[in-house]
Protein chains: 2
Amino acid sequence: MHSEGVASRSADPRDSRESRNGTPHLDAVSLAIIEQLQEDGRRPYAAIGKAVGLSEAAVRQRVQKLLDQGVMQIVAVTDPLTVGFRRQAMVGVNVEGSLDPVAEALTAMSEVEYVVMTAGSFDILAEVVCEDDDHLLDVINKRIRALPGVRSTESFVYLKLKKQTYMWGTR
Amino acid sequence: MHSEGVASRSADPRDSRESRNGTPHLDAVSLAIIEQLQEDGRRPYAAIGKAVGLSEAAVRQRVQKLLDQGVMQIVAVTDPLTVGFRRQAMVGVNVEGSLDPVAEALTAMSEVEYVVMTAGSFDILAEVVCEDDDHLLDVINKRIRALPGVRSTESFVYLKLKKQTYMWGTR
DNA sequence: GATCCTTGCTGCGAAATCCGCAAGTTCCTG
DNA sequence: CAGGAACTTGCGGATTTCGCAGCAAGGATC
């Protein structure tokens, strides 16, 4: 009952509650704004406002807030291959002891694009982006396996990237 | 000798050659433009031009071409959790027969964000983004495992996303 | 080597957008 | 009821975007 439509005047951008990790919930209007910017990160505020039923100024304020809160970022994304990174791999890591130090160390590596803790036969999955085979080998064998707490790793070298989307909420 | 500096007038944006898959190579200036837009996808062309040593119009043309060619896209990216997708998983898939049909089928699913063919103990890795446990269960057990050619799957449910970057080339 | 053609860059107005601000309204909360 | 938050409308001025004409460099052709 707190939002009878996308253009409802009483919609609260933060939707009162907060989720467990402290990140704010988003109402339908902010979702719609994000979807607009997922289609085109440079779309003008007025056009977004027309699409979601808000004034240009309001959209501007919302976008700024979403960016400040870190809920969303507007960036250029590329196919790594095109930009000169020819070897990528997903690395499954098994850890003994606490996961956090290992995850932190992985996060600190510039070659590591993606770090996620998982349930399953790996404790951590990390995506590595490298310039060539030597570089990849170096990162996996010399740096990741050398981290204290790392019991074992398994690598999945990328052969072909088939899909890469950034369209959460746009379906 | 075809590029003695970032601001060189004779730098060829396509760098003459093409890579094996037909995607054009990028010269240093285009790389620099991409880096600027990776920091802020809405940065004005004039500011980028100042940073990379090009006129505003030239930057505009280059960016447009990069977008048209599909080398880069400017989009809003979010943490899926914040946008209401509470369950994510990486799914390793083993296939009997040819990989392509399976990869295509995965690519066609809206819940699948990421599909990559790999070397290693999985043939394909797919990242799945779902709203809740039921949704995730449905996608993995009913839809992915049901695909013809899928021999087995193994799931890694995400517990915590530690890092997510889009900064290829920005190091 | 002269010519043609393509590509990329510059420079420049005109149009559109962004940005900050102020006043007024509505709704919710303490 | 007072206070706060969010939105709207309206407004200029600064900035940015956009389209176009002109020019220079490089390659291809004859």
Side-chain angles (χ1 to χ4, degrees), chain A residues 1-18 22-34 36-37 39-69 71-76, chain B residues 1-18 22-34 36-37 39-69 71-76:
Chain A
M1 65 181 60
H2 49 70
S3 83
E4 71 261 15
V6 163
S8 164
R9 175 166 302 108
S10 62
D12 180 349
R14 284 189 329 291
D15 200 350
S16 7
R17 307 175 305 265
E18 295 227 338
T23 45
H25 274 256
L26 303 172
D27 67 354
V29 181
S30 290
L31 253 306
I33 292 174
I34 292 175
Q36 292 289 317
L37 289 171
E39 287 177 18
D40 175 7
R42 274 179 171 263
R43 184 162 298 171
Y45 296 135
I48 299 174
K50 194 149 300 183
V52 308
L54 236 55
S55 70
E56 176 266 344
V59 173
R60 204 186 334 141
Q61 291 164 24
R62 290 236 191 183
V63 169
Q64 194 53 54
K65 184 162 294 186
L66 289 170
L67 294 174
D68 290 343
Q69 287 175 154
V71 171
M72 153 186 95
Q73 44 184 332
I74 299 174
V75 296
Chain B
M1 64 167 60
H2 49 71
S3 82
E4 73 260 15
V6 163
S8 165
R9 175 165 303 108
S10 62
D12 179 351
R14 282 189 331 290
D15 200 346
S16 3
R17 304 176 307 267
E18 294 226 339
T23 44
H25 274 255
L26 304 172
D27 68 353
V29 182
S30 290
L31 253 308
I33 291 174
I34 292 175
Q36 292 288 318
L37 289 170
E39 288 176 18
D40 175 8
R42 273 180 171 261
R43 184 162 298 168
Y45 295 135
I48 298 173
K50 193 149 299 184
V52 308
L54 234 56
S55 71
E56 175 267 340
V59 173
R60 194 180 352 131
Q61 291 164 19
R62 291 231 191 188
V63 169
Q64 194 54 52
K65 182 162 294 187
L66 290 171
L67 294 174
D68 290 342
Q69 289 176 153
V71 172
M72 152 185 97
Q73 44 183 334
I74 300 175
V75 295

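Below, read A as the first sequence line, B as the second, and so on, with proteins coming before strands; counting in each chain starts at 1. This is a predicted model, so every value here is computed, not measured.
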Measure across B/V59 and B/G49 and return the closest heavy-atom pair with its distance rounded to 0.1 Å.
CG2-CA, 3.5 Å

Minimum heavy-atom separation for A/S30 and A/R62, please, with both atom names.
OG-NH1, 2.8 Å

Starting at the 5' end of DNA chain C, which residue's closest nucleotide do you reach first, B/A58 or A/Q61?
B/A58

Please list all pairs passing the side-chain hydrogen bond (donor to acceptor under 3.5 Å, both in side chains) test where one or both residues lie in residues 43-55 of chain B, with sequence neighbours left out.
B/Q36-B/R43, B/E39-B/R43

Overall bend of the helix from C/dG1-D/dC30 to C/dG30-D/dC1 (five pairs an end, 10° steps) is 50°

Name the pairs: protein N/O against N/O of nucleotides 16-18 of chain D, kept only if under 3.5 Å.
{"from": "D/dT17", "atom 1": "OP1", "to": "A/R42", "atom 2": "NH1", "distance (Å)": "2.9"}
{"from": "D/dT17", "atom 1": "OP2", "to": "B/Y45", "atom 2": "N", "distance (Å)": "2.9"}

What is the distance from CG of A/D27 to C1' of D/dC7, rounded to the nearest Å?
12 Å

Where A/I34 and B/A76 come nearest, the two heavy atoms and their spacing
O-CB, 4.4 Å

When rounded to the nearest 0.5 Å, the distance separating CD1 of B/I74 from CG of B/D40 is 9.5 Å

Reckon A/K65 has a side-chain N or O less than 4.0 Å from the OP1 or OP2 of D/dA6?
yes

Taking every heavy atom of B/M72 against every heavy atom of B/L67, the minimum-distance pair comes out as O-CD2, 3.3 Å

To the nearest 0.5 Å, how far apart are CZ in B/R60 and NZ in B/K65?
13.5 Å

Touch check for B/A57, heavy atoms < 4.0 angstrom, all strands: base, sugar-phosphate only, or nothing?
base

Heavy-atom pair with the smallest gap, counting every atom of B/L66 and B/L26:
CD2-CD2, 3.8 Å

